[in-house]
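Notes follow once the structure below has been shown.
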Amino acid sequence: MIGLLLLWICTLIVNSLTHPAVIIPQDPTITIGTSLTASCSVDPDLNLKVEDLSWTLNGRRLPAELYKILNNTSLSVVLNNLNGSKQQSGDNLVCHGKDGRILAGSCLYVGLPPEKPTNITCWSKNMKDLTCKWLPGSEGETYLHTNYTLKYKLRWYGRDNTCLEYHTMGPYSCHIPKDLALFTPYEIWVEASNRLGSTTSDIITLDILDVVTTDPPSDVHVSRVGDLEDQLSVRWSSPPALKDFLFQDKYQIRYRVEDSTEWKVVDDVGNQTSCRLAGLQPGTVYFVQVRCNPFGIYGSKKAGIWSDWSNPTAASTPRSERITGVCEPKSGEQNSTLRRELKQFFGWVKKHAYGCSNLSIKLYDQWRVWLQKSHKTRNQVGSTR
């Protein structure tokens, strides 16, 4: 609000046709660190005394030791080692009369030329559009309003095109919604300009097929695995937007307990649309998310770009069936129990999986359920003694 008010005052002063005084230079653009000498010359017909004049910068009175009387109608002021403008609309240097009345004003634009934009990154959502982001120079907006223009063209032919939809993914971004060619590389660059100059980023070259991302996996379901107290099953659907295209996909899962912010990531999911989370805590609520990386679209050799994570899906593991108050076995008893259970397991496998070369996860789960029930029965018998 203050910046808009100062801009209005500056514009009102500059555009007025009945100036009682004039400031020279008018609306200068200056590099940070330089000095400026400005003069205020009043209309002789107003019979104003030059000794009664004063200066303010952004509403603050400047000390009299910076003034110099040039003649009967002109007073100058020296501003040394100027800092960057407080607002991009310019700093307001104002000449006042004896009663504080505004006689004239000038807008000072103090800043730096733009630096070369860097780190241009682009991605295409389902091969239908292109969004690009970049970083400005180290001085950011350089205290002056800086215009950024994203341009692109087909690499070997075609005219320059200008992106029109800015700030779609942050202050330094632009979105190209349609009319993009596949199987042909594009050249993309960003131009930056302000009152002190202009510059151009390095040109990047990309093929739309190499920068494809997609929507997060849909229909994410998390459920218990029977009575297994340390496992959850996760299932999801492939991104529907790419179902008609030839591509590969790989997935990642991350999960955390309800009262934690630390995620654990499962990287080795591959291209399957289901996964078993093991080694979980019994009786605990978990939040689970899945994301997709479509790669190898129409034979592209690039790694692909990960989608956003799906919305969190919650599920809880079953509570432990152990009876409280039962003493934990000592170390030797634990080893003896482990050997006994392994012997039981191999005997159970011979009985239930005769002729199988590999033990399936389903078969292992069946044994785990049987083992838990066996523990429950043994603990109940122990508690009745």
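Numbering of residues begins at 1 and proceeds along the displayed sequence.
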inquiry  = Return the CH2 to CG distance between Trp55 and Leu79, rounded to the nearest 0.5 Å.
reply    = 8.5 Å

request  = Rounded to the nearest 0.5 Å, what's the gap from CE on Met127 to OG1 on Thr214? Could you check?
outcome  = 9.0 Å

request  = Output, in order, the C-alpha distance, side-chain angles, deciding distance and verdict of side chain to side chain contact (heavy atoms under 4.5 Å, CB included) for Leu180 and Tyr186.
outcome  = CA-CA 9 Å; Leu180 293 166; Tyr186 278 93; 3.9 Å; yes

ask   = Can any side-chain N or O of Glu258 pair as donor or acceptor with the backbone N or O of Val285 at less than 3.5 Å?
value = no

message = Donor-acceptor check, side chain of Thr199 to backbone of Ala192, threshold 3.5 angstrom: yes or no?
response = no

key: Transitive ILVMFWY side-chain link Leu70 to Leu66, under 4.5 Å   = no

inquiry  = Let's go through Ile120 and Val190 carefully: what are the C-alpha distance in whole Å and the side-chain angles of both, what is the deciding distance for side chain to side chain contact (heavy atoms under 4.5 Å, CB included) to 0.1 Å, and is it a yes or a no?
reply    = CA-CA 8 Å; Ile120 302 174; Val190 176; 3.9 Å; yes

query = Would you say Ile176 and Thr131 make side-chain contact, with heavy atoms under 4.5 Å?
reply = no

inquiry  = Looking at Ser260 and Val257, would you say the former's side chain and the latter's main chain have a donor-acceptor pair under 3.5 Å?
reply    = no

ask   = In Å, rounded to the nearest 0.5 Å, how long is the span from CD of Glu187 to CG of Asn161?
value = 12.0 Å

ask   = With distance as the sole criterion, is a donor-acceptor pair present between the side chains of His175 and Asp129 under 3.5 Å?
value = yes

ask   = Taking only residues two or more places apart in sequence, or in another chain, which ones meet Tyr152 in a ring-ring contact (aromatic ring centres under 6.0 Å, His included)?
value = none

task = Would you please say whether a donor-acceptor pair under 3.5 Å links the side chains of Asp219 and His221?
result = no

task = Please round to the nearest 0.5 Å and tell me the distance separating atom CD1 of Ile253 and atom SG of Cys275.
result = 4.0 Å

ask   = Would you say Ser85's side chain and Gly90's backbone share a donor-acceptor pair under 3.5 angstrom?
value = no

task = Say whether, by atom type as modelled, one donor and one acceptor occur between the side chain of Thr31 and the main chain of Leu112 under 3.5 angstrom.
result = no

Polar side chain donor-acceptor pair, Thr56 to His96, under 3.5 angstrom = yes

Tyr172 side chain to Met169 backbone, donor-acceptor under 3.5 Å = no

task = Measure from the ring center of Trp263 to the ring center of Phe287 and say whether it is less than 6.0 Å.
result = no

key: Step-by-step side chain to side chain contact (heavy atoms under 4.5 Å, CB included) determination, Leu62 to Leu93   = CA-CA 10 Å; Leu62 295 173; Leu93 181 65; 4.1 Å; yes

ask   = Ser41 side chain to Val22 main-chain N or O, any donor-acceptor pair under 3.5 Å?
value = no

query = Can you find a pair of side-chain heavy atoms, one from Leu103 and one from Val42, that are under 4.5 Å apart?
reply = yes

ask   = Should Asn147 and Asn194 count as side-chain neighbours, where that means a heavy-atom distance under 4.5 Å?
value = no

ask   = Less than 4.5 Å apart, any side-chain heavy atom of Asn92 and any of Cys107?
value = yes

message = Show the nearest heavy-atom pair for residues Cys122 and Leu206, with the distance to one decimal.
response = CB-CD2, 3.7 Å

query = Hey, is CG on Asn72 packed in by over 12 heavy atoms from elsewhere, all under 6.0 Å?
reply = no

message = Does Tyr67 form a side chain to side chain contact (heavy atoms under 4.5 Å, CB included) with Val78? I'd like the steps, not just the answer.
response = CA-CA 7 Å; Tyr67 304 169; Val78 177; over 6 Å; no

Asn293 and Arg291: side chain donor to acceptor below 3.5 Å = no

key: Asp215/Lys125 salt bridge by N-O under 4.0 Å criterion   = yes

query = Cluster question for you: counting only ILVMFWY and a side-chain heavy-atom cut-off of under 4.5 Å, with indirect links fine, are Trp306 and Val211 together?
reply = no

query = Should Arg224 and Ser316 be marked as a side-chain hydrogen bond (donor to acceptor under 3.5 Å, both in side chains) after you check the CA-CA gap, both sets of side-chain angles, and the distance that decides it?
reply = CA-CA 7 Å; Arg224 296 180 176 182; Ser316 63; 3.1 Å; yes

message = Under a plain distance cut-off of 3.5 Å, with no hydrogens placed, do Tyr148 and Ser201 share a side-chain donor-acceptor pair?
response = no

request  = First locate atom CG of Leu53, then atom OG of Ser39, and finally report the distance between them rounded to the nearest 0.5 Å.
outcome  = 11.5 Å

task = Spell out, as yes or no, whether a donor-acceptor pair under 3.5 Å connects the side chain of Gln281 to the backbone of Thr284.
result = no

inquiry  = Testing the basics here: between Pro217 and Ser310, what is the closest heavy-atom pair and its distance to 0.1 Å?
reply    = O-CB, 3.8 Å

key: Main-chain N/O of Pro216 paired with Ser218 side-chain donor or acceptor, under 3.5 Å   = no

key: Cys174 and Cys132 SG atoms less than 2.5 angstrom apart   = no

remark   = For Gln26 and Gly105, the nearest pair of non-hydrogen atoms, with its separation, is OE1-O, 3.0 Å

SB check Arg319 Glu229 (cutoff 4.0 Å) = no

inquiry  = Can you give me the closest heavy-atom contact between Gln252 and Asp267, atom names plus distance?
reply    = NE2-OD1, 2.6 Å

inquiry  = If you define the side chain from C-beta out and look only at heavy atoms, does anything of Leu232 sit under 4.5 Å from Tyr255?
reply    = no

ask   = So, Asp91 versus Asn58: side-chain donor-acceptor pair below 3.5 Å or not?
value = yes

remark   = When every non-hydrogen atom of Pro114 is compared with those of Thr146, the smallest separation belongs to CB-CG2, 4.1 Å

query = Can you find a heavy atom in the side chain of Leu196 that is under 4.5 Å from one in the side chain of Leu144?
reply = yes

Joint hydrophobic cluster, Leu228 plus Leu277, side-chain heavy atoms closer than 4.5 Å = no

message = Within the structure provided, determine whether Trp236 and Val269 are in side-chain contact (heavy-atom separation under 4.5 Å).
response = yes

note = Rounding to 0.5 Å, atoms CD (Glu191) and OG (Ser198) come to a distance of 8.0 Å

message = Applying a strict under-4.5 Å side-chain criterion to I, L, V, M, F, W and Y, I'd like to know whether Trp123 and Trp189 cluster together.
response = no

ask   = Nearest heavy-atom pair of Thr184 and Asp207: which atoms, and what distance?
value = N-OD2, 3.7 Å

Residue Phe183 excluded, over 12 heavy atoms near CZ under 6.0 Å = yes

Close side-chain approach of Leu108 and Leu36, heavy atoms under 4.5 Å = yes

query = Is Tyr251 reachable from Val266 through a run of hydrophobic residues whose side-chain heavy atoms are each under 4.5 Å from the next?
reply = yes

key: Thr29 side chain to Arg195 backbone, donor-acceptor under 3.5 Å   = no

